[in-house]
Amino acid sequence: MKEFPHTLKIATVWLVLGAAIFLAFQAWQARQQRMLFSAVGGVIELRRAADGHYHWPGRVNGVAAEFMVDTGATTTALPQALAERAGLTAEGRITSDTAGGTVHGVQARADITLDGGVSAQRLRVAVLPDLASPLLGMDMLSRLRLTQSEGVLRLQALPPS
């Protein structure tokens, strides 16, 4: 039986080692992502991500999305690509003044479901073509009690009034 050449053996070892490191890094990233969100006993906790923002996993009309919590946004806003995947229909044009300047988009309605049991049916949302990720605005957040300390945002449903 013929042996593999020495260089092929070394290349194979490096390839296996590289694959193991890659898989370990992927597992570490998945664990870190899971640690950013928890929901226990009606209290939802979001931990500040490496980008300095709070992210909340959820769905738009059943399509998975990760919302960035934006207390400065009046309305929940979605990237156009996500709105298309979720099957949203434009109901009118909008113009909005943002921190980045004036933006143009359309208005639509969506069923928003956030991990931890928070949801809204037929919520009016802004669909913006150049938006990088979904923004969760005060139209959703005002339904919750928010407290923040030491990089943790805690959210609870407000008692009925």
Side-chain angles (χ1 to χ4, degrees), residues 17-88 94-161:
L17 184 61
I21 291 170
F22 173 77
L23 292 173
F25 182 72
Q26 292 296 317
W28 176 80
Q29 271 190 318
R31 183 175 178 271
Q32 290 296 105
Q33 190 64 27
R34 283 192 304 274
M35 290 174 53
L36 294 177
F37 171 85
S38 67
V40 178
V43 177
I44 296 162
E45 289 188 350
L46 305 175
R47 284 161 192 73
R48 185 175 288 130
D51 64 2
H53 298 285
Y54 296 102
H55 298 270
W56 195 342
R59 285 160 298 291
V60 177
N61 286 6
V63 176
E66 184 174 296
F67 292 87
M68 185 176 79
V69 175
D70 187 352
T71 57
T74 304
T75 304
T76 294
L78 306 175
Q80 186 172 344
L82 174 59
E84 289 171 0
R85 284 195 312 276
L88 302 187
I94 59 166
T95 300
S96 182
D97 292 319
T98 70
T102 301
V103 295
H104 303 281
V106 297
Q107 191 173 67
R109 292 196 180 267
D111 294 340
I112 306 289
T113 306
L114 301 166
D115 289 6
V118 176
S119 65
Q121 305 303 309
R122 297 200 32 81
L123 181 70
R124 185 172 286 144
V125 296
V127 177
L128 305 174
D130 295 328
L131 188 63
S133 65
L135 301 177
L136 193 63
M138 289 306 294
D139 52 353
M140 286 288 293
L141 297 170
S142 65
R143 304 170 187 203
L144 305 165
R145 176 181 300 127
L146 287 75
T147 57
Q148 177 184 352
S149 67
E150 298 179 15
V152 177
L153 180 62
R154 288 178 185 79
L155 306 110
Q156 288 180 272
L158 289 172
S161 49

- Task: For side-chain contact (heavy atoms from CB on, under 4.5 Å), just list the numbers for T71 and L146, CA-CA rounded to whole Å, side-chain angles, deciding distance to a tenth of an Å, and then say yes or no.
- Result: CA-CA 10 Å; T71 57; L146 287 75; 4.2 Å; yes

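Going from atom CD of E66 over to atom CG of L82 covers 12.0 Å, rounded to the nearest 0.5 Å. Here the straight-line distance linking atom CG of L88 with atom CD of Q107 works out to 12.0 Å at 0.5 Å rounding. Atom CZ in R48 sits 9.0 Å away from atom CG in L153 (nearest 0.5 Å). The distance from the OG atom of S119 to the CD1 atom of I112 is 10.0 Å, given to the nearest 0.5 Å. Atom CE of M68 is separated from atom CH2 of W56 by 14.5 Å, given to the nearest 0.5 angstrom.
Taking each heavy atom of H53 and H55 in turn, the nearest pair found is O-CD2, 3.6 Å. Minimum heavy-atom separation, R143 to A120: NH1-CB, 3.4 Å. Scanning all heavy atoms of the two residues, the minimum distance from Y54 to Q148 falls at OH-NE2, 3.0 Å. Of all heavy-atom pairs spanning A86 and V63, the tightest one is CA-CG2, 3.7 Å.
With sequence neighbours excluded, the residues satisfying side-chain contact (heavy atoms from CB on, under 4.5 Å) with S96 are T98, V103. For the side-chain hydrogen bond (donor to acceptor under 3.5 Å, both in side chains) test, no residue two or more places apart in sequence or in another chain qualifies with R145. Taking T147 as the reference, R154 meet the side-chain contact (heavy atoms from CB on, under 4.5 Å) condition, with sequence neighbours excluded. Residues passing the side-chain hydrogen bond (donor to acceptor under 3.5 Å, both in side chains) test with Q80 are E84, sequence neighbours excluded. A search for salt bridge (charged side-chain N to carboxylate O under 4.0 Å, His left out) contacts involving D111 returns nothing, not counting sequence neighbours.
Put simply, the side chain of I94 does not reach to within 4.5 Å of the side chain of T75, judged on heavy atoms. In this structure, the side chains of L46 and V152 stay at 4.5 Å or more apart for every pair of heavy atoms.
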N/O donor-acceptor pairs under 3.5 Å from side chains in residues 124-142, not counting sequence neighbours:
residue	atom	partner	partner atom	Å
D139	OD1	T76	N	3.1
D139	OD1	T76	OG1	2.7
D139	OD2	T76	N	3.0
S142	OG	M138	O	2.8

